[in-house]
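First the structure, in the form of structure tokens, and then the observations on it.
Residue numbers run from 1 in the order of the sequence given. Remember, it's 1-based here, ligands and their atoms both numbered in the order they're listed.
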Amino acid sequence: MDLSYAPAEERFRSQLRAWLQANPPGPEPEALDAWVAYGKDWQRRLYEGGWCGVSWPAEYGGRGASLIEQIIFQEEMARARSPQLINLAGLTMGGPVLIAHGSEAQKRRHLPRILSAEEIWCQGFSEPNAGSDLAALKTRAVLDGDHFIVNGQKVWTSFARYADWCMLLVRTDPTAAKHRGITFLLVDMHSPGITVRPLKQISGDEDFNEVFFADVRVPRDQVVGAVNHGWEIAITTLMHERQTLTFSRQLQSRVALEGLLGLARQWPTAEAPLARRPLARQQLAAAYIDSEAMRYTALRNLTRVLRGGIPGPEGSLEKLFWSEMYQRMLESAVALTGPFGQLVAGSPHAVDDGRWPHLMLYSRGRTIAAGSSEIQRSIIAERVLGLPRA
Ligand SMILES: Cc1cc2nc3c(=O)[nH]c(=O)nc-3n(C[C@H](O)[C@H](O)[C@H](O)COP(=O)(O)OP(=O)(O)OC[C@H]3O[C@@H](n4cnc5c(N)ncnc54)[C@H](O)[C@@H]3O)c2cc1C
């Protein structure tokens, strides 16, 4: 593993760092509506500065950045305390999938608006009875002239309430085997017949949704790839999700760790900070060790990819380790700050205005989203360790 950077990579870093210093993201608002407006503005500013979708080819508005430059990008964004970019589904899944499988018209129509966050995307894959077993999905689309008529329900659709477009998996041939007869559609979320109902999460947020489709008309030219061949497109989407999210996950946990270390140095007072207590020091050191182990695991996988390999099932190690260590770190943050640490935003004595219990509760979903821990362990057992199927 070579951890040094080439001069061109160092130049990339210093240009980006200078831009971020001149254009800081600013503090994140707590309330979701305000956060969405802030997130759109932040992503638009990055786009206008030429710093959005860095890995995309230049002809589609990106910079054609190498994998190393993508890591530098995430490191510098973490350093500047950038939040997750709002159009995450569009940037990490929708855009890359259109670049790989979309028609020229689809690329021209969608890619610039995904980058600028002018249009927000969501991922309509999971259903009440199709999550880990995604191929069991039942939402139906029937061709009627030059339109599909869509009926059914999706669930856990992040940001559907704010989304303009949805990557929708539908069943177009119910007689075919489970993984066949599925089609990947792009659906305008403002179409008549779509109802979005927010779901309240344990953290109090409402960024999850149920989405109902009642006779929604979707033009036939909104199919990505071929009719009844959506499963292959869905797999590409999930591979992009897993691969590109690795470094943005690190960004998120690194920003939280830096915040926790800063808090421990000053709280409850600068004279008697938490960071002097032996138990706190051990937990903070453990969180730091976890974070470094995650970083080197990700770099080891990256080295494999750079040497000509393809992202393999080892990606499950990162997803599993990251989601569990992130939860451990946030549980430590709340435990270390005692009863004050449990107070939520708006309480007069809340630590950091309730940031830690909010993050801790939100992190519960991390061991479920993008494949639950049980599914990741099965992949590691069967495909990395070569153990027999359970
Ligand atoms: C934060 C978050 C954001 C999400 N965003 C989106 C989104 O934007 N779009 C979208 O489509 N979906 C989204 N999801 C849904 C997510 O993809 C599903 O929750 C996930 O795939 C699990 O499916 P499920 O909830 O139906 O649980 P199930 O699949 O029903 O699983 C229930 C439990 O059984 C276990 N289990 C299931 N099958 C097996 C097995 N074969 N072996 C061992 N254990 C098993 C699981 O690990 C889990 O503990 C999101 C979820 C979360 C938490």
Side-chain angles (χ1 to χ4, degrees), residues 32 36 84-94 97 120-139 150 152-171 178-179 182 184-187 189 194 196-213 230-231 233-242 244-245 248-249 252-253 313 316 319-320 322-324 326-327 330 358-383 387-390:
L32 191 56
V36 169
Q84 289 268 21
L85 297 187
I86 180 148
N87 209 2
L88 199 65
L91 290 170
T92 61
M93 294 179 268
V97 160
I120 301 296
W121 280 48
C122 66
Q123 179 194 20
F125 282 21
S126 306
E127 297 183 5
N129 291 310
S132 304
D133 185 12
L134 182 58
L137 64 93
K138 289 202 168 61
T139 295
V150 178
Q153 186 201 339
K154 297 290 170 177
V155 72
W156 317 126
T157 322
S158 304
F159 286 96
R161 199 149 53 102
Y162 299 98
D164 302 290
W165 287 90
C166 180
M167 294 167 267
L168 192 72
L169 288 185
V170 290
R171 190 160 296 284
K178 199 164 140 190
H179 294 82
I182 291 174
F184 192 108
L185 284 180
L186 303 181
V187 178
M189 287 296 284
I194 297 183
V196 179
R197 278 200 218 139
L199 291 166
K200 203 168 191 97
Q201 294 142 236
I202 190 175
S203 58
D205 298 301
E206 291 182 352
D207 51 8
F208 270 163
N209 302 271
E210 297 178 293
V211 185
F212 298 88
F213 297 84
W231 186 250
I233 315 275
I235 295 299
T236 315
T237 317
L238 297 172
M239 264 175 48
H240 278 290
E241 183 182 29
R242 191 167 297 169
T244 48
L245 280 184
S248 76
R249 284 181 194 129
Q252 201 178 37
S253 49
S316 288
K319 160 64 174 65
L320 177 67
W322 167 79
S323 52
E324 297 192 346
Y326 187 52
Q327 288 178 356
L330 293 167
H358 179 251
L359 282 179
M360 188 270 273
L361 291 172
Y362 199 92
S363 76
R364 304 306 304 163
R366 297 300 180 205
T367 42
I368 305 170
S372 68
S373 288
E374 289 76 17
I375 297 297
Q376 306 301 341
R377 285 195 170 89
S378 289
I379 293 172
I380 294 165
E382 289 164 20
R383 296 184 50 206
L387 301 180
R389 285 179 72 88

Is the closest N or O pair between [X] and ligand 1 shorter than 3.5 Å?
X    : result
S158 : yes
E127 : no
T157 : no
R366 : no

Look at atom CH2 of W231 and say whether more than 12 heavy atoms of other residues, nucleotides or ligands are closer to it than 6.0 Å.
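Enclosed: over 12 neighbouring heavy atoms sit under 6.0 Å from CH2 of W231.
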Please determine which of V187, I120, L186 meets the side chain to side chain contact (heavy atoms under 4.5 Å, CB included) test together with W165.
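Per the side chain to side chain contact (heavy atoms under 4.5 Å, CB included) rule, the option paired with W165 is L186, out of V187, I120, L186.
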Give me the nearest non-hydrogen protein atom to [atom] as residue plus atom name, then the distance to 0.1 Å.
atom                    : result
atom 43 (C) of ligand 1 : E374 CB, 3.9 Å
atom 53 (C) of ligand 1 : G365 O, 3.3 Å
atom 7 (C) of ligand 1  : W156 O, 3.1 Å
atom 46 (C) of ligand 1 : S372 OG, 3.5 Å
atom 19 (O) of ligand 1 : I368 CG2, 3.4 Å
atom 26 (O) of ligand 1 : G131 CA, 3.4 Å
atom 28 (P) of ligand 1 : S132 OG, 3.7 Å

Closest to atom 10 (C) of ligand 1 (judged by heavy-atom distance), picking from Q123, M167, Q376:
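It is Q123 whose heavy atom sits nearest to atom 10 (C) of ligand 1.
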Judged on heavy-atom distance to atom 11 (O) of ligand 1, which of A369, S126, P128 sits nearest?
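Considering heavy atoms of A369, S126, P128, the nearest to atom 11 (O) of ligand 1 sits in S126.
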Using 0.5 Å steps for rounding, measure from the [atom1] atom of [X] to the [atom2] atom of [Y].
X    : Y    : atom1 : atom2 : answer
E127 : E210 : CD    : CD    : 12.5 Å
L137 : I182 : CG    : CD1   : 4.5 Å
Y326 : T367 : OH    : OG1   : 12.5 Å

Looking at every non-hydrogen atom in both residues, tell me the closest pair between [X] and [Y] and how far apart they are.
X    : Y    : answer
L169 : G230 : CD2-O, 4.2 Å
C122 : A89  : CA-CB, 4.2 Å
Q376 : S316 : OE1-OG, 2.8 Å
K154 : F213 : CG-CE1, 3.9 Å

Evaluate side chain to side chain contact (heavy atoms under 4.5 Å, CB included) for W121 paired with N87, printing each intermediate quantity in order.
CA-CA 6 Å; W121 280 48; N87 209 2; 3.9 Å; yes
Test side chain to side chain contact (heavy atoms under 4.5 Å, CB included) on V36 and R161 and set out the steps.
CA-CA 11 Å; V36 169; R161 199 149 53 102; over 6 Å; no
Pull out every atom of ligand 1 sitting under 4.0 Å from any heavy atom of F125, numbered as shown with elements.
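Going through ligand 1 atom by atom, the ones under 4.0 Å from F125 are 11 (O).
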What atoms in ligand 1 come closer than 4.0 Å to a heavy atom of I375?
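Counting atoms of ligand 1 from 1, those under 4.0 Å from I375 are 38 (N), 39 (C), 40 (C), 41 (N).
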Does some non-hydrogen atom of the protein lie less than 4.0 angstrom from [atom]?
atom                    : result
atom 5 (N) of ligand 1  : yes
atom 30 (O) of ligand 1 : no
atom 35 (C) of ligand 1 : no

Is the contact between F159 and ligand 1 made by the side chain, the backbone, both, or neither, using heavy atoms and a 4.0 Å cut-off?
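None of F159 does.
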Examine ligand 1 and decide if any of its atoms is less than 4.0 Å from a heavy atom belonging to F208.
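Flag set, F208 near ligand 1.
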Would L330 and Y362 count as a side chain to side chain contact (heavy atoms under 4.5 Å, CB included) if you check the C-alpha gap in whole Å, the side-chain angles of each, and the deciding distance to 0.1 Å?
CA-CA 10 Å; L330 293 167; Y362 199 92; over 6 Å; no
